[in-house]
Peer 1: 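Could you have a look at this structure, given as C-alpha cells, before my questions?
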Amino acid sequence: MNTSIRGRALTGTALALATATVLTACGGETSSSTDTKSDKTAAATPAVSVKEPLVATFDGGLYILDGESLKLAKTIDLPGFNRVNPAGDKDHVMVSTDSGFRVLDATDQALTDIEYKGAKPGHVVRHAAKTVLFTDGTGEVNVFDPTALSSGKKPSGRTYTSAKAHHGVAIELADGKLVSTLGTEEKRTGALVLDRNNKEIARSEDCPGVHGEAAAKNEAVGVGCEDGILIYKDGKFTKIDSPDDYGRIGNQAGSDASPVLLGDYKSDPDAELERPTRVSLIDTEKKKLRLVDLGTSYSFRSLARGPHGEALVLGTDGAIHVINPDTGKIEKKIPVVGGWQEPLDWQQARPTLFVRGHVAYVSEPGKKALHAVDVETGKKITSVTLPKSTNELSGVVAGH
C-alpha cells in the first residue's frame, strides 16, 4: 500500500504555490558494491513502447520513460508546476495541474480526457484497491476503482466534501470506512472516520497541524501531527506523542509487510527550513515511536519503503539509507548520486526517490540524470541523461 508523500500543500500553478506553505517547516559513507553500466543519453522517439512506465516532471512538461531501460519514450508539453502520483493500475498516473487532477495514460503516452476538476489538487492515496483524491481548494474527496480508468471514461465512485476546505488527505479502508482529515485553511486539528454512507462514527482532534497519511500492516492508518502521530486502528484513534514538545511528523511511508511506519521528524518550529537528520519509526502495534539519526539530512521526497518493508531514506549525502524498521538499525547505505542540499523553495528540484518492487529510481537534477538501483543488492542497474532537469518522479503501480 502506497501513499503520496507531501512536504507542503499541493497546488497547480506557480503563482498559487507561493502561498502553499501550509505547514510549519513542511516540507552514503559505507555501501554495498556498485555495478554501474555505461550511462546512456536518452533519445526521444515518438510512440516507443514502454514497460512499466515512469513519469518525471520538468519545467513545462512531462517525460515518459521505459521502466527497465529508462529510455525516454515521449515528451508531453504541460505548462505550470505539475505533480505526479501512481493512479493505482498498470497504465495510468495522476497529474496534479492548475485545473485539477488529470489522468495520464503512461502506457499509451497521452493525457486522457478524464479530469477531476478543482483548485489545488492535493494528496493521492492508494489502498485496498481504491484510489482517493483530496482537492484542497474545495475539500472534496473522490474515491474510485483505478482499474476502471482503462475504459477511457471517468470512473463512478464515492464522493465526500469536508466541512471546510483545507490541505488534507483521505483513505478508504477495505471495509468501506473513510478516514479523512479535519481542518480549515488556517488550522488543521485531526481526523474523522465515516461509514459507507458518509456518517461520522469516530473523531479525534488531538493532532495539531495534521498532515500526510500512510497505512501499515493490518490497516493501521497514521496521520502526522506537530506533536506526534495519530493512529486509527480497530475502530479507534490512538495518539503517539513525540519526545519533543514540537516534534512534527508531516510525511510518512507505509508497507503491507510491516506494522512500522516511516516518518520524517522536525523539532524546530521557528526554522525557515529545517534540514533534519532524524527520521521517525512508528510501531502501530506497540504504539511506540523511535527516532533514528541518519547523520545526514533529507527532504520530503526522500522517504520510501522497500519490497520487504525496509525503511528507505535518500540522504543529502547521496546515499539511500536502508533501515530495519523493527530495530532502527541502518543496515546499509547505497550510494547513488552526488551530495546535495535541500533548496529553500519546496518547488525547486532536488534528488527524488521512487521505489517500485525491488528497484529504486533516483533523480539527479543537477546532472539531468536518472538512476535505477537494485534495493537488495545495492547495484546500479542503469542510468540515463535527460534533456532537462526533472523535479517529481513517479510511475505506474498496479495493486495496493
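Keep in mind it's a predicted model, so treat the numbers as computed, not measured.
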Peer 1: Quick one: do T161 and T138 satisfy side-chain contact (heavy atoms from CB on, under 4.5 Å)? Show the steps, please.
Peer 2: CA-CA 8 Å; T161 302; T138 63; 5.9 Å; no

Peer 1: Donor-acceptor check, side chain of R275 to backbone of T316, threshold 3.5 angstrom: yes or no?
Peer 2: no

Peer 1: Would you say CG of D175 has more than 12 non-hydrogen atoms from neighbouring residues, nucleotides or ligands within 6.0 angstrom?
Peer 2: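 Atom CG in D175 is packed in, count exceeds 12.
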
Peer 1: Over 60° means perpendicular and under 30° means parallel, so classify the ring planes of Y116 and F144, tilted if in between.
Peer 2: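 Rings of F144 and Y116: parallel, under 30°.
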
Peer 1: Tell me yes or no: between the side chains of T147 and D145, is some donor less than 3.5 Å from an acceptor?
Peer 2: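 The criterion, which ignores hydrogens and geometry beyond distance, is satisfied for D145 and T147.
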
Peer 1: Does the E213 side chain pair with the main chain of V223, one donor and one acceptor, at a distance under 3.5 Å?
Peer 2: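 No, E213 side chain to V223 backbone: no donor-acceptor pair under 3.5 Å.
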
Peer 1: Tell me if a side-chain donor or acceptor on D66 pairs with a main-chain N or O of K51 at a distance below 3.5 Å.
Peer 2: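 Confirmed, D66 side chain pairs with K51 backbone.
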
Peer 1: Evaluate whether atom NZ of K239 has more than 12 neighbouring non-hydrogen atoms of other residues, nucleotides or ligands under 6.0 angstrom away.
Peer 2: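 Count over threshold, so yes.
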
Peer 1: Which pairs pass ring pair (Phe, Tyr, Trp, His ring centres under 6.0 Å) with one or both residues in residues 212-233, sequence neighbours excluded?
Peer 2: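 For residues 212-233, and leaving out neighbouring residues, the ring pair (Phe, Tyr, Trp, His ring centres under 6.0 Å) pairs sorted by first residue read Y232-F237.
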
Peer 1: For the side chain of R305 and the backbone of A253, is there at least one donor-acceptor N/O pair under 3.5 Å apart?
Peer 2: yes

Peer 1: Within a strict 4.5 Å, meaning less than it, do heavy atoms of the D244 and Y265 side chains meet?
Peer 2: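 Yes; the side chains approach each other to less than 4.5 Å.
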
Peer 1: Are E342 and R350 within salt-bridge range, i.e. N to O under 4.0 Å?
Peer 2: yes

Peer 1: Would you list the pairs meeting disulfide bond (SG atoms under 2.5 Å apart) in which at least one residue belongs to residues 223-270, sequence neighbours left out?
Peer 2: C207-C225

Peer 1: So do the side chains of L104 and I64 get within less than 4.5 Å of each other, counting heavy atoms only?
Peer 2: yes

Peer 1: Look at atom NZ of K90 and say whether more than 12 heavy atoms of other residues, nucleotides or ligands are closer to it than 6.0 Å.
Peer 2: no

Peer 1: Could you tell me whether the side chain of E285 reaches within less than 4.5 Å of the side chain of N218, counting heavy atoms only?
Peer 2: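 Result yes, sub-4.5 Å side-chain heavy-atom pair found.
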
Peer 1: For the residue pair D136 and H167, confirm or rule out a side-chain donor-acceptor distance under 3.5 Å.
Peer 2: yes

Peer 1: Among L314, L393, V336, exactly one meets side chain to side chain contact (heavy atoms under 4.5 Å, CB included) together with P351. Which residue is that?
Peer 2: L314

Peer 1: Against Q252, only a single residue in V221, L262, I229 fulfils side chain to side chain contact (heavy atoms under 4.5 Å, CB included); can you say which?
Peer 2: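 Going through the options one by one, the only one that passes is I229.
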
Peer 1: Does the distance from a Lys or Arg side-chain N to an Asp or Glu carboxylate O, for R301 and E392, drop under 4.0 Å?
Peer 2: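 Yes, R301 and E392 are salt-bridged.
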
Peer 1: Can you tell me if S258 uses its side chain to pair, donor with acceptor, with the backbone of G309 under 3.5 Å?
Peer 2: no

Peer 1: Would you say that S302 contacts V313 through its side chain, given a criterion of any heavy-atom pair below 4.5 Å between the two side chains?
Peer 2: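 Of all side-chain heavy-atom pairs linking V313 with S302, at least one is under 4.5 Å.
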
Peer 1: Would you call K130-E172 a salt bridge at under 4.0 Å N-O?
Peer 2: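 Looking at K130 and E172, the cut-off is met.
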
Peer 1: For the side chain of E274 and the backbone of D268, is there at least one donor-acceptor N/O pair under 3.5 Å apart?
Peer 2: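 Pair found, side chain donor or acceptor close to backbone of D268.
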
Peer 1: For a quick check under 3.5 Å, do T277 and D293 share a side-chain donor-acceptor pair by atom type?
Peer 2: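 Note: T277 and D293 side chains meet the donor-acceptor criterion.
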
Peer 1: Is there a donor in the side chain of N198 and an acceptor in the side chain of R158, or the other way round, less than 3.5 Å apart?
Peer 2: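 R158 and N198 do have a side-chain donor-acceptor pair below 3.5 Å.
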
Peer 1: For D59, look at atom CG and say whether over 12 heavy atoms of other residues, nucleotides or ligands are found less than 6.0 Å away.
Peer 2: no

Peer 1: Does NZ in K233 sit with more than 12 non-hydrogen atoms of other residues, nucleotides or ligands closer than 6.0 Å?
Peer 2: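 Yes, NZ of K233 has more than 12 neighbouring heavy atoms, counting only those of other groups under 6.0 Å.
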
Peer 1: Quick check: H211 with H123 (ring centres under 6.0 Å apart)?
Peer 2: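 They qualify: ring centres under 6.0 Å apart.
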
Peer 1: Between S383 and H371, does any side-chain donor sit less than 3.5 Å from a side-chain acceptor?
Peer 2: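 Yes - a donor-acceptor pair under 3.5 Å links their side chains.
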
